[in-house]
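These notes are about the structure you will find just below.
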Number of protein chains: 4
Amino acid sequence: MQQVANEAGVAAGTIYRYFKDKNELILELRKDVLAQVAAHILEDHHLGTLEERFKRIWMKMHNFGKQPSPANLSYEQYAHLPETNTDEIRNTEFKLFAPLQQLFEEGKAEGLLQPLHSRALYALSMEPAMTLARSIRRGLVHYEAHEIKLACDLCWKTILLPTQPTH
Amino acid sequence: MQQVANEAGVAAGTIYRYFKDKNELILELRKDVLAQVAAHILEDHHLGTLEERFKRIWMKMHNFGKQPSPANLSYEQYAHLPETNTDEIRNTEFKLFAPLQQLFEEGKAEGLLQPLHSRALYALSMEPAMTLARSIRRGLVHYEAHEIKLACDLCWKTILLPTQPTH
Amino acid sequence: MQQVANEAGVAAGTIYRYFKDKNELILELRKDVLAQVAAHILEDHHLGTLEERFKRIWMKMHNFGKQPSPANLSYEQYAHLPETNTDEIRNTEFKLFAPLQQLFEEGKAEGLLQPLHSRALYALSMEPAMTLARSIRRGLVHYEAHEIKLACDLCWKTILLPTQPTH
Amino acid sequence: MQQVANEAGVAAGTIYRYFKDKNELILELRKDVLAQVAAHILEDHHLGTLEERFKRIWMKMHNFGKQPSPANLSYEQYAHLPETNTDEIRNTEFKLFAPLQQLFEEGKAEGLLQPLHSRALYALSMEPAMTLARSIRRGLVHYEAHEIKLACDLCWKTILLPTQPTH
DNA sequence: GATGAATGAGAGTTCATTCAT
DNA sequence: TATGAATGAACTCTCATTCAT
C-alpha cells in the first residue's frame, strides 16, 4: 500500500479515502484492467464479415498476450487464481466481453458455427490465442508470422460447421 | 508455515529439517503436484491408435480440470503466476509430459498432424480441455456428455492435416 | 527489539521507522554512547598545563569507568568485541577523541613526552585508568583517594621523557 | 550447539551428557581458555631476576594479545562482557594468575615496587601490553621492535619505587 | 552412552490499517 | 481532505533442549 501511495504521489492514509481496504483496491484494479483489455481487444469488432471479425479479435488477443505488460500479467494471474473470481468480477467480465459472445451467437444463428455454448466456442477457438502467446512471452518457443496465421485459421475452422456439399 | 505445520501435525520448526525454506517447500510441492497430474493424465497413454491416445488424454485432462481438488487448483494457480516458472520447474514439466509431446511428434512424422511446434498443437487442441473444465468447475456453464465429446472431437480435427481426396 | 520497544514505550514496528534494522540501531547507539563518553571525559580539556589537562582527563575517565551505568557498560562491551569495530565506528571514535590525541602530539612536539605513537601513549598512560576503574566497579578492590592519585601520577610519569640534569 | 557438536564429531544431544546446558559449556570453555592463556604466559615465570621475570611475562602477554587466535579473541571478549564474570571465573582466574600476583608481592616486600594493590600494579604495568597488542591486531598501528621494548621498559619503570640516592 | 529428529518459544521484521493533526 | 507516524498482529525462521530409540 505504501508503494501504491508513493507511485500515486499521495500519503498512505489517503488511499483509504477512496478504497475501503486493500481488497477493494485490487478488485477495482482488476475491473479496470479487464476494461482496458476488453477495450483494446474489441476495438473495431463490428467491422467486416464474421470471419474477419473473429480473426481480428484473435490476433489482437494474441498480440496482447505476448507482451509482458503489467496489464497482461495482472490479467493472467488473476484470471487463474482460485477463490478470487467473485460474482462482481464475473459480471463485469460478462458485460465487457459481450460483443465477443454476440459474435458467437450470430454465427450460431446463421448456422455457420457449431451449436455449442459460447463459452465452449471461446475455449475451443480463442483460448489457444492466449496459450500460444504465453509460450512466446515466456520464451519457450518462437513462431513465424505464417504459423500464427495458420493457428488462427485452424481456430476459426475448429468451430465452423461443416457445410453440406450441394447437388 | 505455521498452518502447514499444523496440518502436518508437527511443530513449525520441523518443516525446516526437510525444506531449506518456504520457497523450497513450495517448489517441491509444485513438482509433486505436477508429477501427480502427469501420472494421472498420461495413464495408459500408449494404448490404441493416435486418435484414441489423444482423446484419452484429452478426456482425462478435462475430467481432472473439472475437480476443485487441491492438486488441480494448485496446478492452475502456479501455471499462470508470472516470475515463478523457474528453469527447474520447466525441466520437470518437460520430462513429465514428454509422452504427450511424443504423441504430437509421431503424428507429425506420419503426416497426420499439422506441421506446427508441439507447443502450438498443445495450445490448439489440449488447452481447450482445461479451459472448458475451468468453466464447469466455476459453475459458469453445464455441458451434456455429448457436447464434451463433440468438443474433444473438434479439438482432434483442429490439428489434423486435411487428407487429399483420392481418385 | 521487543524489549527496546517496550522500554521506549512504543510498538515494535515503530523502531523501524527510525532504524533500518537491529544492526543500525546498535551502530547508532554505539556512536551515541561514544559521543556521550567523549563529551564527558573531554570537558574542559583545554584548560591548564599539559600535566593538568592529562590528569583531568585521567580522573574523569577513571570516575566514569567506575560507574555501572549503561553508557559505560555498553562502551566497555563493544570496545572489546571482535568483528564489530567497523570503519564507521573507528572514524567516529577518532574524531571524538581527537583532543586527547592532540594533547599527546603537543607533548611530543614540546619534547616533554616519549616519542611514541599516540596510541601507545594512550595504552601506557590512559588505559590503566579504565582497568583500575573496572576492578573497582566489579568490587574486586577498594582504593583510597591517595592511591588513585598516586596511580594517576605514575601514569603521567610513565610517558614523560626523563630530563637531563643541568650543570 | 549443533556446530559445536559437528566440530566435536558427536551428535547434538551428546553434549548434554557432559554439560548441563549451553551456559555451563561456555563457562567451562572460558576456564579452559583462561588456563591455556595462563600456562602460556607464565611459562618459565620463575627464572631470573624480578625485572627479567616481569619483562618475560609482559612480552609473552603482548605477543599472545597480537594474535587473532580463537583463544585470544575469546579471552578478550569475555573479559569485558558485563554480568558474565561470575565468582567461579574470578576464582579460577585468581588461582591461575597467582604467580603474577606473587611477583608483585615479592617486589613490594623487597621495597622495589610501589606499595599498591597488585591489581593496581597489574593495571599500570601489564594491561598496556594487551592494549598495545589489540591496536596492532586491529591494524590501527604498527610498531618497531625497539618501540615495544621501550614500552615494556616504561611499564616496568612505572611501578618501580624511585631509589634514594646514596651518599 | 550416543543419537538426531522433533520441539516450540522467541527472534527480527513487515505491512495493512488507524487516527490525531 | 490529506497526512504520515504509530500500531501490533502475523510472518518466516532459528536454535537450545528433549527424549524415544
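We name chains A, B, ... by the order of the sequence lines, and we start the count at 1 in each one.
For the pair A:Asn23 and A:Leu27, the minimum side-chain heavy-atom distance is 4.5 Å or more. Counting heavy atoms from C-beta outward, C:Asp87 and C:Arg90 have side chains that approach closer than 4.5 Å. Looking at C:Arg134 and C:Arg138, their side chains come closer than 4.5 Å, going by heavy atoms from C-beta outward. C:His80 is not listed as a side-chain neighbour of D:Tyr75, based on a closest heavy-atom distance of 4.5 Å or more.
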- Message: Apply salt bridge (Lys or Arg N to Asp or Glu O under 4.0 Å) to residues D:Glu28 and D:Lys31 and explain how you reach the verdict.
- Response: CA-CA 5 Å; D:Glu28 295 301 319; D:Lys31 289 201 283 189; 3.5 Å; yes
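Between the NZ atom of B:Lys20 and the P atom of F:dT12 there is a distance of 15 Å, rounded to whole Å. We find that CZ of D:Arg17 is positioned 15 Å from P of E:dG4, with the value rounded to whole Å. Following rounding to the nearest Å, A:Met1 (CE) and E:dT18 (P) show an atom-to-atom distance of 10 Å. As a whole-Å value, the separation of C:Gln2 CD from F:dT7 P is 11 Å. Taking atom CD of B:Glu24 as the reference point, atom C1' of F:dC13 lies 14 Å away to the nearest angstrom. Between the CD atom of B:Gln3 and the P atom of F:dC11 there is a distance of 7 Å, given to the nearest Å. Going from atom CD1 of C:Ile26 over to atom C1' of E:dG12 covers 11 Å, rounded to whole Å. At whole-Å resolution of the value, CG in C:Asp21 and C1' in E:dG12 are 9 Å apart.
In this structure, C:Glu76 pairs ionically with C:Arg137, as a charged nitrogen and a carboxylate oxygen lie closer than 4.0 Å. Under the 4.0 Å criterion applied to side-chain N and carboxylate O atoms, B:Glu127 and B:Arg119 are not assigned as salt-bridge partners.
Each of D:Asn23 and C:Ile15 has a nearest nucleotide on DNA chain F; the 5'-most of these lies closest to C:Ile15.
Across A:Leu42 and A:Phe97, no two heavy atoms sit closer than the pair CD1-CA, 4.1 Å.
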- Item | Nucleotide-level pairing of DNA chain F, given in dot-bracket where Watson-Crick and G-U pairs need both distances under 3.5 Å and | marks other strands | .||||||||||||||||||||
Within the sub-3.5 Å range, which N or O atoms of nucleotides 19-21 of chain F have a protein N or O partner, and how far apart are they?
none

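Ring-plane geometry between A:His40 and A:Phe64 is classed as tilted, the angle between the planes lying from 30 to 60 degrees on a 0 to 90 degree scale.
Contact annotation: D:Tyr18 side-chain N/O to E:dA2 OP1/OP2 distance is under 4.0 Å.
Expressed to the nearest 0.5 Å, how far CE of D:Met61 lies from OH of D:Tyr122 amounts to 3.5 Å.
Shown for residues 4-12 of chain B: residues whose heavy atoms fall under 4.0 angstrom of DNA chain E, namely B:Val10, B:Ala11.
Counting only distance, with no hydrogens or angles, the side chain of B:Asn63 and the backbone of B:Lys66 share no donor-acceptor pair below 3.5 Å.
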